[in-house]
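Scroll down for the structure; my scribbles are underneath it.
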Amino acid sequence: MSPEKCLHQADGKERCVLQDRQDRIFVALDLDNMDDALRLVDRLGGIFRSYKVGMQLYNRVGPELVSRLHEEGCRVFADLKFHDIPNTVAGAADSMTRLGVFMLNVHVAGGIEMMRRAKEAAVKRAEALGIPAPLVVGVTQLTSTTQEMLNQEIGIPGTMEETVTRYAKLAKEAGLDGVVASGHEIQAIREACGEDFLTVIPGIRPAWSEKNDQARVMTPQAAFAAGAHYLVIGRAITAASDPRAAALRILEELERDR
Ligand code: C5P
């Protein structure tokens, strides 16, 4: 099934994941305070309405930010990368579900039981509240991790692709909706887990932007062409001198590429 029309089987119910490329791009709000975040959202109004809230901003301003983004008509990916004992992570997933987030994530390295409990807690809370269950995705290997780091520093043998594929299979076994990985692993994940298993791709860099601390980067066009369901774009937009112009340039390039 093409990612353009993908349907996601959540909790036995069929529901659409986002279809338009524009809505499948989450802008990473890696900023220091609520005002800056809301100002950026305002500047990107009419272009993007999907935002990723990560540990930098969430740990400063907390759940109120999620409510404010919802008031602005945005959907939120809570990128808090939970990784703890299963009971604690289930509680964290429950808490984020109460906030009505569209997507949340946990580290695959926490193991199958931890991931399963997170997903179950999200589904249970969503049912109790009568809201759509958030997508729960697993972080495989960070896009800042290189092959050398993986083997020499972290001590995981084999290639990056092997590790990411193995993690993706674990996430699928645990009942998660998909994984976060680099664009370079999309193909292997699709082959191992099927094309409906969601791929959320950070480390996105248009050809004209800085790589920064990311190691495994890919352009938005290449990531969508490889079958990515969702992209995460941060500094290429947020650190640009004119974020709105950068956002429009990205969309124009995607449009040209269709
Ligand atoms: O600024 P940049 O586009 O590099 O931001 C990427 C965002 O995606 C950051 O918020 C980072 O925390 C997040 N992320 C990542 N690699 C992962 C998972 C999340 O870069 N594997």
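First listed ligand is number 1; within each ligand, the first listed atom is number 1.
- Atoms of ligand 1 lying under 4.0 Å from any heavy atom of Val180, numbered from 1 in the order shown and given with element: 18 (C), 21 (N).
- Less than 4.0 angstrom separates some heavy atom of Arg235 from each of these atoms of ligand 1: 1 (O), 2 (P), 3 (O), 4 (O).
- Crowding of Glu113 atom CD: a count of heavy atoms from other residues, nucleotides or ligands under 6.0 Å exceeding 12.
- Residue-level proximity to ligand 1 for Asp79 is carried by the side chain, the only part with a heavy atom below 4.0 angstrom.
- In this structure, atom 11 (C) of ligand 1 lies nearest to the protein heavy atom Lys52 NZ, 4.0 Å.
- In Lys124, the NZ atom is not crowded: 12 or fewer heavy atoms of neighbouring residues, nucleotides or ligands sit closer than 6.0 Å.
- Distance from atom 17 (C) of ligand 1 to its nearest protein heavy atom, with residue and atom name: Pro202 CG, 3.4 Å.
- In this structure, the side chains of Phe77 and Leu104 stay at 4.5 Å or more apart for every pair of heavy atoms.
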List the steps and the verdict of salt bridge (charged side-chain N to carboxylate O under 4.0 Å, His left out) for Lys169 and Glu173.
CA-CA 6 Å; Lys169 284 185 186 162; Glu173 197 182 328; over 6 Å; no
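- Under a 4.0 Å criterion applied to the non-hydrogen atoms of Gln141, ligand 1 contributes the atoms 21 (N).
- Between Arg68 atom CZ and Cys74 atom SG the span is 11.5 Å, to the nearest 0.5 Å.
- By the criterion of a heavy-atom distance under 4.0 Å, both the backbone and the side chain of Leu142 are placed next to ligand 1.
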Decide yes or no on salt bridge (charged side-chain N to carboxylate O under 4.0 Å, His left out) for Arg43 and Asp242, but give the supporting numbers first.
CA-CA 9 Å; Arg43 284 190 83 180; Asp242 184 343; 3.5 Å; yes
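- Regarding atom 6 (C) of ligand 1, its nearest protein heavy-atom neighbour is Gln214 NE2, 3.6 Å.
- Of all protein heavy atoms, the one closest to atom 19 (C) of ligand 1 is Lys81 NZ, 3.2 Å.
- Taking CD1 from Ile47 and CZ from Arg244, the interatomic distance works out to 3.5 Å, rounded to the nearest 0.5 Å.
- Of the protein's non-hydrogen atoms, the one nearest atom 9 (C) of ligand 1 is Asp30 OD2, 3.3 Å.
- Among all protein heavy atoms, the one lying closest to atom 15 (C) of ligand 1 is Thr143 OG1, 3.3 Å.
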Given Asp20 and Arg49, is the salt bridge (charged side-chain N to carboxylate O under 4.0 Å, His left out) satisfied, shown in steps?
CA-CA 11 Å; Asp20 293 340; Arg49 57 186 180 131; over 6 Å; no
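- Counting heavy atoms under 4.0 Å from ligand 1, residue Arg205 touches it through the side chain alone.
- With a 4.5 Å cut-off on side-chain heavy atoms, Val89 and Arg117 do not count as touching.
- Those atoms of ligand 1 with a heavy atom of Val232 less than 4.0 angstrom away are 7 (C), 8 (O).
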